[in-house]
Undergrad: 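Before I ask anything, let me first share the structure, which is written out below as structure tokens.
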Amino acid sequence: SQELEQSPQSLIVQEGKNLTINCTSSKTLYGLYWYKQKYGEGLIFLMMLQKGGEEKSHEKITAKLDEKKQQSSLHITASQPSHAGIYLCGAEIQGAQKLVFGQGTRLTINP
Amino acid sequence: NAGVTQTPKFQVLKTGQSMTLQCAQDMNHNSMYWYRQDPGMGLRLIYYSASEGTTDKGEVPNGYNVSRLNKREFSLRLESAAPSQTSVYFCASTKWTPPYEQYFGPGTRLTVT
């Protein structure tokens, strides 16, 4: 079965600093999804990557999928309090209409 | 559009009690999902329904049953609640055409004592 490992599990950064969250798969990724969850709320879709080497940006958040399609990184530039929350990566299971998720990274932004 | 709605938002059960979590979506999506979220465990798939009339087990189906009542509604039932089922439960749906994003409900926080 496919497994996703996120690192770090928890991250505390000072406002204005850059940060990176990684998502590593045990198998080739056919579709990698990044979600954000505010504490006590549901998940919000951020972006999806499919092609090796692909990079997408949304405001100050950039996500990349490496060439071998087994790792993705999420980079936040000049972090703000609004970036705080839990970030989860999810991967398509080939041939099945479902996703498997990593364990999440809890991000705290200190003023 | 309301998106994905879930009821109730909070629930406290005693061990052995039963309850049904309700989920509905108004986006005409074919696929619907039930997840549980526990600290440090991310989201784990309980059951899913790829299309109306079908349901399949996910990673952690034991102790749960589901019903895809129609295209809009997908319910999750706990027949005999156990403390290990204390969790936050999320329902999601997707149209399963690119970009395959799943839309999530606000969650149900369940405590079993």
Side-chain angles (χ1 to χ4, degrees), chain A residues 1-11 21-26 29-51 54 56 58 63 65 72 74 85-107, chain B residues 2-7 9-10 21 23 25 27 29-52 54-61 66 68 74 87-109:
Chain A
S1 61
Q2 185 158 22
E3 293 182 357
L4 292 180
E5 187 74 26
Q6 283 186 240
S7 61
Q9 292 190 21
S10 179
L11 188 57
I21 298 168
N22 292 305
C23 177
T24 303
S25 172
S26 59
L29 293 162
Y30 291 95
L32 190 285
Y33 299 73
W34 283 102
Y35 287 85
K36 179 188 174 184
Q37 182 183 25
K38 290 199 168 183
Y39 300 121
E41 299 181 12
L43 280 71
I44 298 171
F45 172 75
L46 294 175
M47 57 193 89
M48 175 240 184
L49 304 164
Q50 209 166 17
K51 299 176 184 177
E54 188 175 10
K56 288 186 178 177
H58 175 68
L65 183 61
S72 178
L74 186 84
I86 299 172
Y87 290 80
L88 293 101
C89 62
E92 288 178 29
I93 304 296
Q94 190 184 20
Q97 293 172 330
K98 56 182 179 178
L99 301 179
V100 62
F101 285 89
Q103 76 273 42
T105 295
R106 184 178 290 268
L107 174 63
Chain B
V4 180
T5 57
Q6 290 182 237
T7 56
K9 289 189 176 180
F10 300 94
L21 280 65
C23 174
Q25 52 90 10
M27 296 172 282
H29 287 169
N30 289 321
S31 301
M32 298 185 73
Y33 307 81
W34 276 106
Y35 295 92
R36 60 178 288 173
Q37 185 178 37
D38 302 294
M41 300 293 288
L43 284 174
R44 291 184 292 170
L45 183 64
I46 304 171
Y47 270 95
Y48 69 106
S49 172
S51 61
E52 189 179 355
T54 68
T55 59
D56 287 285
K57 295 179 180 179
E59 301 169 71
V60 288
V66 290
R68 183 75 182 266
F74 189 38
S87 188
V88 181
Y89 291 85
F90 289 99
C91 177
S93 71
T94 181
K95 54 182 169 44
W96 215 255
T97 55
Y100 310 124
E101 64 199 77
Q102 293 193 3
Y103 293 80
F104 283 81
T108 296
R109 190 173 294 273

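Proteins come first, then strands; the chains are lettered A, B, ... in the order of their sequence lines, and each starts at number 1. All values derive from a computational prediction rather than experimental measurement. Side chains are part of it too, since the values below use all heavy atoms of this structure and drop only hydrogens, waters and symmetry mates.
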Undergrad: Please report the interatomic distance NE2(A:H58) to CG(A:L74), rounded to the nearest 0.5 Å.
TA: 11.0 Å
Undergrad: Check each atom of B:Y103 against the heavy atoms of chain A and say whether the ones under 4.5 Å are side chain, backbone, both or neither.
TA: neither
Undergrad: Any salt bridge (charged side-chain N to carboxylate O under 4.0 Å, His left out) pairs touching residues 35-50 of chain B, not counting sequence neighbours?
TA: B:R36-B:D38, B:D38-B:R44
Undergrad: With a 4.5 angstrom heavy-atom cut-off, which part of A:L99 approaches chain B: side chain, backbone, both or neither?
TA: both
Undergrad: How about A:T105 and A:Q6: does a side-chain donor come under 3.5 Å of a side-chain acceptor?
TA: yes
Undergrad: Can you tell me which portion of B:Q102 sits under 4.5 Å from chain A's heavy atoms? Options are side chain, backbone, both or neither.
TA: both
Undergrad: Can you say whether B:L45 sits under 4.5 Å from chain A via the side chain, the backbone, both, or neither, judging by heavy atoms?
TA: side chain
Undergrad: Side chain from CB out, backbone as N, CA, C, O: work out which of these in A:L88 comes under 4.5 Å of a heavy atom of chain B, or both, or neither.
TA: side chain
Undergrad: Is A:Q9 close to chain B through its backbone or its side chain, or both, or neither, when contacts mean heavy atoms under 4.5 Å?
TA: neither
Undergrad: Cut-off 3.5 Å, side chains only: do A:Y33 and A:E92 have a donor facing an acceptor?
TA: yes
Undergrad: Nearest 0.5 Å, please: how far is CG in A:L29 from CG in A:L49?
TA: 9.5 Å
